[in-house]
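The first residue of the sequence shown is numbered 1, and numbering continues consecutively from there.
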Amino acid sequence: MERKRIRLTVAYDGTNYHGWQLQNNGNTIEAELNRCLTELLNEPIQVVGASRTDSGVHALGNVAVFDTASRMPAGKISYAMNQRLPEDIRIQKSEEVPADWHPRHCESRKIYEYRIYRAEFPMPVKRLYSYFTYHSLDVEKMREAAAYLEGRHDFKSFCQAGSQVQSTVRTIYMLWVEEQGPDIVIRVCGNGFLYNMVRIIAGTLLEVGEGKREPESMQWVLEAGDRAAAGPTAPAHGLTLMKYEFLA
């Protein structure tokens, strides 16, 4: 029977999940998608995700693909899935793509946002989606520091120690820091990211904002090629995968 490949755009609140990827010790986004697709299409389904977000990380536009022999129109799968999935996972779009299309094998740009909430006291409704700090932050210095990271660099200092990758060179097309009322939003667009890279960038920029390091120190951090040279890994709940832009 002829099979077709379906691409899903998936939004989720990662609070109650152990990340995207299948785990033995807890529920994941991938597990929920596999379960609901298998029930819906009455055949074993295993999705392949574009990005394996960590435990507690959110997404507005992660991408996954799967193959199916079902005759259900691709565009209808999103509607049927959203009747079965938990309310903290929703398919934003389902569409047929060429049989050889793979989200990890084509040129793309990925956009993340890290959100920081500044106030004297925490705000309960923001606690799951932003990192709280009572420290005063120098946003202009954070912007100066961010500029050092734009372009093609070896980001080994911004990769979790022990990560197994062939190359730590990545390209950041844009990294800006914006004030939105009491919130600070760090928005980064790149061709790919290392394990915990965005959260380490956020943690390092926070240290700049707090006056613990100067903006120009970012050049030294890049050149050091040592995780210990960068700042702490910011908590997962402040991070959201906003969208993918596929260039081919």
Side-chain angles (χ1 to χ4, degrees), residues 1 3-97 99-106 108 110-114 127-129 159-160 162-165 192-199 233-244 246:
M1 184 175 293
R3 300 178 67 82
K4 59 187 176 184
R5 180 157 292 188
I6 306 297
R7 177 169 66 192
L8 303 177
T9 302
V10 190
Y12 49 86
D13 178 336
T15 303
N16 295 321
Y17 296 92
H18 289 248
W20 172 275
Q21 193 171 9
L22 291 172
Q23 303 285 338
N24 294 325
N25 61 345
N27 198 18
T28 66
I29 306 298
E30 186 177 9
E32 286 296 325
L33 292 175
N34 289 345
R35 178 183 65 81
C36 291
L37 283 167
T38 296
E39 292 175 359
L40 172 65
L41 303 175
N42 198 31
E43 60 177 319
I45 298 292
Q46 291 189 326
V47 301
V48 176
S51 182
R52 298 169 179 170
T53 52
D54 294 337
S55 178
V57 174
H58 316 293
L60 300 186
N62 205 346
V63 171
V65 296
F66 66 92
D67 294 331
T68 178
S70 172
R71 299 177 67 178
M72 179 180 292
K76 297 294 185 183
I77 292 175
S78 55
Y79 293 92
M81 281 289 287
N82 286 338
Q83 294 178 352
R84 291 167 169 78
L85 284 164
E87 63 182 359
D88 49 9
I89 306 174
R90 283 294 179 266
I91 308 301
Q92 301 300 297
K93 189 176 185 180
S94 56
E95 57 193 321
E96 187 171 354
V97 293
D100 61 350
W101 191 88
H102 194 293
R104 298 183 202 162
H105 299 161
C106 57
S108 65
K110 192 177 352 179
I111 299 174
Y112 276 101
E113 281 188 2
Y114 196 90
R127 76 191 189 283
L128 301 179
Y129 311 107
C159 180
Q160 190 65 42
S163 178
Q164 301 296 317
V165 290
F193 295 94
L194 304 165
Y195 184 45
N196 283 348
M197 179 173 161
V198 178
R199 290 167 58 192
T233 304
H237 62 271
L239 184 62
T240 300
L241 171 57
M242 302 302 288
K243 66 176 180 177
Y244 266 88
F246 293 102

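Every pair passing salt bridge (Lys or Arg N to Asp or Glu O under 4.0 Å) that includes a residue from residues 34-48 is listed here, sequence neighbours excluded: Arg3-Glu43, Glu32-Arg35, Arg35-Glu39.
Residue Ile91 holds its CD1 atom at 5.5 Å from CG of Leu85, rounded to the nearest 0.5 Å. Here the CG-OG1 distance, from Leu239 to Thr53, works out to 8.5 Å after rounding to the nearest 0.5 Å. Put simply, NE2 on His18 and CD1 on Ile29 are 11.0 Å apart, with the number rounded to the nearest 0.5 Å. Rounding to the nearest 0.5 Å gives a distance of 10.0 Å between CE of Met81 and CZ of Arg90. Annotation: the span from Leu37 atom CG to Ile6 atom CD1 amounts to 10.0 Å, rounded to 0.5 Å. We find the CG-OH distance between Leu33 and Tyr12 to be 9.0 Å, quoted to the nearest 0.5 Å.
With sequence neighbours excluded, the residues forming a ring pair (Phe, Tyr, Trp, His ring centres under 6.0 Å) with Phe193 are Tyr112, listed by chain and number.
Side-chain atoms of His58 come within 3.5 Å of backbone atoms of Gly14 as a donor-acceptor pair (strictly under, hydrogens ignored). Using a distance-only test at 3.5 Å, with no hydrogens or angles considered, a donor-acceptor pair links the side chain of Arg104 to the main chain of Gly49. Of the possible polar contacts, one joining the Asn34 side chain to the Val47 backbone as a donor-acceptor pair under 3.5 Å is found. Side chain of Glu95 to backbone of Arg7: no donor-acceptor contact under 3.5 angstrom is found. For Ser55 (side chain) and Tyr17 (main-chain N/O), a donor-acceptor pair under 3.5 Å exists by modelled atom type. Between the side chain of His102 and the main chain of Val48, no donor-acceptor pair closer than 3.5 Å is present. A donor-acceptor distance shorter than 3.5 angstrom exists from the side chain of Thr38 to the backbone of Ile45, with no hydrogens or angles considered.
Scanning all heavy atoms of the two residues, the minimum distance from Val65 to Pro103 falls at CG2-CD, 3.7 Å. In terms of heavy atoms, Leu8 sits closest to Ser94 at CD2-CB, 3.6 Å. Considering all non-hydrogen atoms of both residues, Trp20 and Ser51 come closest at CG-O, 3.8 Å. The two residues Leu41 and Ser70 have their closest heavy-atom pair at CD2-OG, 3.5 Å.
Within 6.0 Å of atom CG in Asn24, 12 or fewer heavy atoms from other residues, nucleotides or ligands are found, so the atom counts as exposed in its surroundings. Remark: Lys93 NZ is loosely packed, at most 12 non-hydrogen atoms of other residues, nucleotides or ligands lying under 6.0 Å away.
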Practice problem: Could you go through the side chain to side chain contact (heavy atoms under 4.5 Å, CB included) check for Asn27 and Asn16 one step at a time? | Solution: CA-CA 8 Å; Asn27 198 18; Asn16 295 321; over 6 Å; no

Exercise. Show your working on side chain to side chain contact (heavy atoms under 4.5 Å, CB included) between Phe66 and Ile77 and close with a plain yes or no.
Key: CA-CA 12 Å; Phe66 66 92; Ile77 292 175; 4.1 Å; yes

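Contact check for Leu40 versus Met72: side-chain heavy atoms found under the 4.5 Å cut-off. Looking only at side-chain heavy atoms (C-beta outward), Tyr244 and Thr9 stay at 4.5 Å or farther from each other. Residues Asp13 and Tyr129 have side chains in contact (heavy-atom distance under 4.5 Å, counting atoms from C-beta outward).
Relative to the six-membered ring of Trp101, Arg5 misses at least one condition, a distance below 6.0 Å or an angle of at most 45° to the axis.
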